[in-house]
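Worksheet for the structure shown next.
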Amino acid sequence: MSTLPITFEDVAAAHERLRGVAHRTPVLTSRTANERTGAQLFFKCENLQRMGAFKFRGAYNAIAQFTPEQKAGGVITFSSGNHAQAIALSARLLGVKAVIVMPHDAPAVKVEATRGYGGEVVFYDRYTEDREALGKRLAAERGLTLIPPYDHAHVMAGQGTAAKELFEDAGELDLLITPLGGGGLLSGCATAAHGLSPACTVIGVEPEAGNDGQRSLHTGEIVHIDTPKTLADGAQTQHLGNLTFAVIRERVSEIVTVSDAELVDTMKFFASRMKLVVEPTGCLAAAAVLHGKVDVRGKRVGVLISGGNVDLLRFAELVQAAG
Ligand SMILES: *Cc1c(COP(=O)(O)O)cnc(C)c1O
């Protein structure tokens, strides 16, 4: 008798839609990381996903389910991060027009990447305009369908396919740990865990500067905060979604936090030990494990690496500043 927004069947159906389209990313292990933590760690490498993050899964799963009318009308989103590129790429693959609302001062690389995937970029002034209102107005005026970055059942189910693959490849786990922003990834992965490894404890990891998810889980109400200042730009959300929180409060045991310094240390670990380029937000779950925020000793632990989109000069600066 489930009244949750998504079920395991939704995740399994999303997985079928993504077959042959999304990469089945590798699950890597590291003797060094295992020795350091006393656990058996399985890293799911969504930094190696198409467009560089798991967000491709949810975006494609959502647009693939458009009606013919919606496909003819096009898709719009107001996120400027990995979700924007995920929407632009998915729309191109499905022959759908994409409009991305971005701040006028968005980094040129992001604008170019989105345009490179065939998306139309519409700018707004982040100091005087409300991006959500603009997105909704454009959607109504131009007959576009709005796909938000996390609070949407099809997006959540798509993100859960990353964990489904991890359980299929690694077997049942004691713990599954994922990054947490608005909760699309965590809610989808927790749903996959419930279906494939019911005894697995699911934990989300937020930046220390923005622990709204942790407070929401404790209080039972969605806590709103100001945009947190953190290197984890993919997790700079002000609050969880209604749909994502409904799943998280049922299926997630705990939410822990890590500092920016711990994220940079983890970026260094991935680059030097595992030859992986991981963006700061992508390091959240691994940072919690490597810095003792979760008791993993003696356990089989899935660790989701969520993305690898970081400017190379920025990467070098962060690593160098940390010494
Ligand atoms: C969006 C994003 C997250 C957070 O995902 P949510 O579904 O918003 O919780 C984590 N890591 C990366 C790399 C992202 O792009």
Side-chain angles (χ1 to χ4, degrees), residues 5-6 11 14 25 43-59 61-62 77-89 110 113-114 147-163 176-192 202-207 210-214 216-217 222 227-228 230-245 247-248 251-252 255 257-258 263 266-267 270 276-288 303-311 315:
I6 58 167
V11 177
T25 54
F43 295 99
K44 176 65 171 169
C45 296
E46 286 296 296
N47 56 317
L48 304 176
Q49 187 50 267
R50 291 185 79 168
M51 55 64 56
F54 71 91
K55 289 239 172 46
F56 176 68
R57 296 174 181 269
N61 187 49
T77 194
F78 48 75
S79 154
S80 57
N82 286 332
H83 180 65
Q85 288 169 59
I87 287 285
L89 173 59
K110 281 196 175 160
T114 306
I147 298 295
Y150 52 85
D151 209 27
H152 187 291
H154 298 170
V155 172
M156 293 154 63
Q159 319 303 32
T161 62
L176 173 65
I177 309 180
T178 90
L180 171 61
L185 180 65
L186 180 59
S187 61
C189 290
T191 304
V202 182
I203 296 176
V205 186
E206 290 183 305
N211 71 335
D212 59 293
Q214 186 180 52
S216 300
L217 195 61
I222 297 174
T227 302
T230 167
L231 290 175
D233 54 351
Q236 278 181 313
T237 39
Q238 294 174 299
H239 55 85
L240 299 177
N242 291 320
L243 303 178
T244 61
F245 184 56
V247 175
I248 289 168
R251 303 255 187 264
V252 173
I255 293 170
T257 65
V258 297
L263 292 176
T266 305
M267 287 168 74
F270 278 133
L276 292 174
V277 175
V278 185
E279 63 183 277
T281 318
C283 288
L284 281 164
V303 179
L304 205 130
I305 303 176
S306 55
N309 290 327
V310 52
D311 178 81
F315 184 97

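We count ligands from 1, going down the list as the structure has it; atoms in each ligand are counted the same way.
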Under 3.5 Å side-chain donor-acceptor pair for Asp151 and Asn242: no
Does only the side chain of His83 get under 4.0 Å from ligand 1, or the backbone, or both, or neither? Count heavy atoms. neither
Which atoms of ligand 1 have any heavy atom of Gly234 under 4.0 Å away? 1 (C), 2 (C), 3 (C), 4 (C)
Note: ligand 1 atoms sitting under 4.0 Å from heavy atoms of Thr281 are 10 (C), 11 (N), 12 (C)
Just to be sure I read this right, does ligand 1 sit under 4.0 Å from the backbone of Lys55, its side chain, both, or neither, counting only heavy atoms? side chain
One thing to verify: whether Glu46 and Arg57 come together as a salt bridge, which I'm taking to mean a side-chain N less than 4.0 angstrom from a carboxylate O. yes
Answer yes if the side chains of Asn61 and Gln159 hold a donor-acceptor pair under 3.5 Å, and no otherwise. no
Any nitrogen or oxygen of Asn82 lying under 3.5 Å from a nitrogen or oxygen in ligand 1? Just yes or no. yes
Going by heavy atoms in the side chains, are Val205 and Val258 under 4.5 Å from each other? yes
To which protein heavy atom is atom 5 (O) of ligand 1 closest, and what is the distance rounded to 0.1 Å? Phe54 CZ, 3.4 Å
Which pair of heavy atoms, one from Ser79 and one from Ala84, lies closest together, and at what distance? O-CB, 3.1 Å
Check whether any heavy atom of Gly183 sits under 4.0 Å from an atom of ligand 1. yes
Do the side chains of Lys55 and Leu185 get nearer than 4.5 Å, heavy atoms only? no
Under 3.5 Å, N or O to N or O, is Gly181 touching ligand 1 that way? yes
Do any nitrogen or oxygen atoms of Gly182 come within less than 3.5 Å of a nitrogen or oxygen of ligand 1? yes
Which atoms of ligand 1 have any heavy atom of Gly307 under 4.0 Å away? 13 (C)
Is a donor on one side and an acceptor on the other found under 3.5 Å between the side chain of Asn82 and the backbone of Gly307? no
Of all heavy-atom pairs linking Arg251 and Ala190, the shortest is CB-CB, 3.7 Å
Test your reading of the structure: does Ser306 have an N or O sitting under 3.5 Å from an N or O of ligand 1? yes
Enumerate the atoms of ligand 1 whose separation from the nearest heavy atom of Glu279 is less than 4.0 angstrom. 13 (C)
Considering both backbone and side-chain atoms of Gly184, is one of its nitrogen or oxygen atoms within less than 3.5 Å of a nitrogen or oxygen in ligand 1? yes
Could you check Gln49 against Thr25 for side-chain hydrogen bond (donor to acceptor under 3.5 Å, both in side chains), going step by step and ending with a plain yes or no? CA-CA 6 Å; Gln49 187 50 267; Thr25 54; 4.9 Å; no
